[in-house]
Amino acid sequence: MATVGSSTASAQPALPSGPAVFKTLPYAFILPEIICGTWVWILVAATSVFFPLLQGWVMYVSLTSCLISLLLLLSYLLGFHRNSENWKVLDSLYHGATAILYLSAAVLQANATIRSETEGPSALYYQLNSAASFFAFLTAFLYILHAFSIYYQ
């Protein structure tokens, strides 16, 4: 029976470390999440946060999740997880919660885009808000994929 218990423990896949993070799903989603989230932040900042009540939340979510995802990526690259199963739970909870927050931010950014079509000072604001909405929904989708992919490993 000791053989059965040890085989189930070794049957679970090891958490990636180093460059293997970029080749292993769902951990390969972290870098695109950071890049797309950074684009959301840059594009909303380029509008001078014209609708502060709506876009303030978008800025908060995009910047905070970008920084936390960057720390998570660095921890995987440097091997801080030491192949602990608790990291899978932490990763799943973080990406699930962030997916919900990013989806709410994407909806608010879409509302800001709709409002900027008529209330914005120029067509440039509408175009920047449209691009920010696209990247916000794309980033939310990446966080959702990451959160659910952990269960299918």
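If you read the sequence from its start, that first residue is 1, and numbering goes on from there.
When all heavy atoms of Gly37 and Thr139 are compared, the closest pair comes out as N-OG1, 3.5 Å. Scanning all heavy atoms of the two residues, the minimum distance from Phe135 to Cys36 falls at CB-O, 4.0 Å. Listed here is the closest heavy atom pair of Ala147 and Ser92: O-OG, 4.0 Å. The heavy-atom pair separating Tyr125 from Ser48 by the smallest distance is OH-OG, 3.8 Å.
Between the CD atom in Gln55 and the CD atom in Gln109 there is a gap of 5.0 Å [rounded to 0.5 Å].
Checking Asn129 against Glu117 by side-chain atom types alone, no donor-acceptor pair falls below 3.5 Å. A side-chain donor-acceptor contact under 3.5 Å links Thr113 and Ser133.
Within 6.0 Å of OH in Tyr94 there are more than 12 heavy atoms belonging to other residues, nucleotides or ligands.
No option in Leu63, Thr64, Val58 other than Thr64 meets the side chain to side chain contact (heavy atoms under 4.5 Å, CB included) test with Tyr60.
In this structure Ser65 satisfies the side-chain hydrogen bond (donor to acceptor under 3.5 Å, both in side chains) test with no other residue, sequence neighbours excluded. Partners of Ser62 by side chain to side chain contact (heavy atoms under 4.5 Å, CB included), not counting sequence neighbours, listed by chain and number: Val40, Trp41, Tyr102.
In this structure, His95 contributes its side chain and Asp91 its backbone to a donor-acceptor pair below 3.5 Å.
Both Leu43 and Phe51 are assigned to one and the same hydrophobic cluster, defined by single-linkage of ILVMFWY side chains at heavy-atom distances under 4.5 Å. Hydrophobic clustering (side-chain heavy atoms under 4.5 Å, transitive across Ile, Leu, Val, Met, Phe, Trp, Tyr) keeps Leu103 apart from Val61.
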